[in-house]
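Per chain, numbering begins at 1; letters A, B, ... match sequence-line order.
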2 protein chains.
Amino acid sequence: MYSDSEENYLKAIFHLERFSKEGVSTNAIAEQMQTKASSVTDMLKKLADKKLVNYIKYQGVTLTNQGKKTAASIIRKHRLWEVFLVEKLDFSWDEVHEIAEQLEHIASEKLVDRLDKHLDFPKFDPHGDPIPSKDGTFPERNKVLLSTLKAGESGICVGVKDTSTSFLKFLDKNGIALGITISVLDREEFDGSLEIKVGDEKMTISQLISSNLYLKTN
Amino acid sequence: MYSDSEENYLKAIFHLERFSKEGVSTNAIAEQMQTKASSVTDMLKKLADKKLVNYIKYQGVTLTNQGKKTAASIIRKHRLWEVFLVEKLDFSWDEVHEIAEQLEHIASEKLVDRLDKHLDFPKFDPHGDPIPSKDGTFPERNKVLLSTLKAGESGICVGVKDTSTSFLKFLDKNGIALGITISVLDREEFDGSLEIKVGDEKMTISQLISSNLYLKTN
DNA sequence: TTACTTTTTTAGTCTTGTCTAAATATATTT
DNA sequence: AAATATATTTAGACAAGACTAAAAAAGTAA
Ligand SMILES: [Mn+2]
Ligand SMILES: [Mn+2]
Ligand SMILES: [Mn+2]
Ligand SMILES: [Mn+2]
């Protein structure tokens, strides 16, 4: 239906739209896609011709309903494949993104449906990110950054904000994974670092760490 | 590493090489790939530059060792994914080829290894075709066409020669699948049709059917 | 061997997606 | 408001992969 490149642009615009009330800028897309602004302009015209984006010269773009629907379907495929790789093929959560970037472009509605069923209809991917349903709705979950908790509070790890390999490997090394309970024992106001308990282990983490971990509080 | 298009050409040449002692002709490739001879010539030059084929103008092509290795790895991926689709996602054997045509181009050695393990290292795909090992060797199996059996002989169905949807659906409808035992009750010499027993059912099949079914005889 | 047919290659064009360099529009300072 | 800086678009080019039409080579028949 759409080329890999078109799909990647739609996905990038979709993600950028969540952080800007205005239309998404050409430069923002260029940075996200690791490409040049002029290439973005070219593609925006093509996507506009296909009614996937609303594009006005110099004003940035927004996705049309069709564009949103398409982007959600690609994100759905990406995250379902990530679940597959972790749950069925024993990949670790820092290895799956690159492969899912390829698998998300495989076109077969039946394949996605069967995969979804095979995985028992997961609602969240290995990084805690929501998997949109077929109609494009994203499951919501109350979650807060670990950095916002006060001493004495605790919660269950349900997601990561930073999904870089180095961060994920750090978490692995320290026994932090989705589903793990984390309690804040003490907070150092000077630098925002936290003393926390992960399982039975006590450790101290920086603000950078705590502001990239999502918890579900009770 | 190589583009989807390059991989598809390598695969086509690989399959055509098995039937011709000479180099594979431009027209043969064009027909197999559903493209024009001039497009094939263009691609052969590119593949020759990359040392994947031995190409001499007007003389046809053969794969180099590197070309053979690459082709085998694509076929390996294609067939492993076909097994996955049938065994894990409950697709029928007539539905998997198209999807595998896409999945075979996903690049990740680790993914293929894990998939292989997940499927318990299958040696043959859902159509009975051999799955090459990592080093490119194809498992061999003694098999004969059902059409070559005499009255009174029998064997186990281990593969199909024609893998078209219509043929596979015909087999499904008549209870013929890999692993099923088929006995030849009688042969009509006039048109080569056979009276056979499939499980407990007796039926008569044309020469066209029997010459597309592979059996392993005892 | 010459004439005719078929196969293969070449020449030139097109589309997609990318790039650089230059032009133009918008935003920010002074 | 004018000058300057930044963002965006345009113009022109390129590579990959495909196509058509024409030329050239190879194969076949008379
Ligand atoms: Mn991902
Ligand atoms: Mn993810
Ligand atoms: Mn197949
Ligand atoms: Mn097959």
Side-chain angles (χ1 to χ4, degrees), chain A residues 1-14 16-17 19-63 67 70-71 74 101-102 104-107, chain B residues 1-13 16-17 19-63 67 70-71 74 101-102 104-105 107:
Chain A
M1 189 70 169
Y2 302 114
S3 72
D4 286 14
S5 190
E6 287 171 331
E7 292 190 347
N8 286 334
Y9 273 96
L10 290 177
K11 203 169 46 129
I13 297 166
F14 185 94
L16 290 167
E17 256 187 350
F19 297 103
S20 72
K21 199 67 189 174
E22 303 296 301
V24 176
S25 77
T26 301
N27 267 357
I29 298 169
E31 189 183 5
Q32 176 91 0
M33 301 273 306
Q34 302 266 62
T35 186
K36 302 294 173 182
S38 55
S39 307
V40 175
T41 301
D42 287 347
M43 181 55 87
L44 293 183
K45 289 177 188 167
K46 290 171 201 160
L47 295 177
D49 286 348
K50 297 186 180 182
K51 312 284 187 202
L52 293 166
V53 300
N54 307 114
Y55 172 57
I56 309 167
K57 264 195 200 178
Y58 295 103
Q59 303 298 125
V61 277
T62 54
L63 293 174
T70 307
I74 301 156
E101 284 293 313
Q102 298 180 62
E104 71 189 3
H105 301 294
I106 302 293
Chain B
M1 191 71 167
Y2 302 114
S3 71
D4 286 14
S5 190
E6 288 170 331
E7 292 190 347
N8 286 333
Y9 274 96
L10 291 176
K11 202 169 44 130
I13 297 166
L16 290 167
E17 256 187 350
F19 298 103
S20 72
K21 200 66 191 171
E22 303 296 301
V24 176
S25 77
T26 301
N27 267 358
I29 299 169
E31 189 183 6
Q32 175 93 0
M33 302 273 304
Q34 302 265 63
T35 186
K36 302 293 172 182
S38 55
S39 307
V40 175
T41 301
D42 287 347
M43 181 57 86
L44 293 183
K45 289 179 188 167
K46 290 171 201 161
L47 295 177
D49 286 347
K50 297 186 179 182
K51 312 282 186 204
L52 293 166
V53 299
N54 306 114
Y55 172 57
I56 309 166
K57 265 194 201 180
Y58 294 102
Q59 304 297 124
V61 278
T62 55
L63 293 174
T70 306
I74 300 156
E101 284 292 314
Q102 299 180 62
E104 72 189 2
H105 301 294

Just by protein heavy atoms under 4.0 Å, how would nucleotides 19-26 of chain D read 5' to 3' in B, S and -?
BB----SS

A/T35 side chain reached by A/Y9 side chain, heavy atoms, under 4.5 Å
yes

Grab the [atom1]-[atom2] distance between [X] and [N] for me, whole Å please.
X     : N      : atom1 : atom2 : answer
A/M33 : D/dT8  : CE    : C1'   : 17 Å
A/E7  : C/dT16 : CD    : P     : 16 Å
B/E31 : C/dT8  : CD    : P     : 12 Å
A/D49 : C/dT16 : CG    : P     : 10 Å
A/Y55 : D/dA7  : OH    : P     : 16 Å
B/K46 : D/dA16 : NZ    : P     : 7 Å
B/K50 : D/dA15 : NZ    : P     : 13 Å
A/Y9  : C/dT16 : OH    : P     : 14 Å

What is the nucleic acid contact for B/T41, judged by heavy atoms within less than 4.0 Å: base, sugar-phosphate only, or nothing?
base

Would you check if the side chain of B/E7 reaches a backbone N or O of B/H105 as a donor-acceptor pair within less than 3.5 Å?
no

Output yes when a side-chain donor or acceptor of A/Q59 lies under 3.5 Å from a complementary backbone atom of A/G23, and no otherwise.
no

Contacting residues from residues 19-30 of chain B, given that a heavy atom lies under 4.0 angstrom of DNA chain C:
B/S25, B/T26, B/N27

Holding to side-chain contact (heavy atoms from CB on, under 4.5 Å), I want the full list of residues that pass it with A/A48, two or more places apart in sequence or in another chain.
A/V53, A/Y55

With sequence neighbours excluded, give me every salt bridge (Lys or Arg N to Asp or Glu O under 4.0 Å) pair touching residues 43-54 of chain B.
B/E6-B/K50

Any salt bridge (Lys or Arg N to Asp or Glu O under 4.0 Å) pairs touching residues 21-43 of chain B, not counting sequence neighbours?
none

Output all residues satisfying side-chain hydrogen bond (donor to acceptor under 3.5 Å, both in side chains) with [X], sequence neighbours left out; order by chain, then residue number.
X     : answer
B/S39 : none
B/N54 : B/T62
A/T70 : A/Q66
B/N27 : none

Side chain of A/K45 only, heavy atoms from C-beta on: which candidate in D/dT10, D/dG17, C/dT18 is closest?
D/dT10

Taking OP1 and OP2 of D/dA16, is either one under 4.0 Å from a side-chain nitrogen or oxygen of B/S3?
no

Test of understanding: with salt bridge (charged side-chain N to carboxylate O under 4.0 Å, His left out), list the residues that count as partners of A/E104, not counting sequence neighbours.
A/K11

Rounded (10°) bend between the five-pair end axes of the helix from C/dT1-D/dA30 to C/dT30-D/dA1:
10°

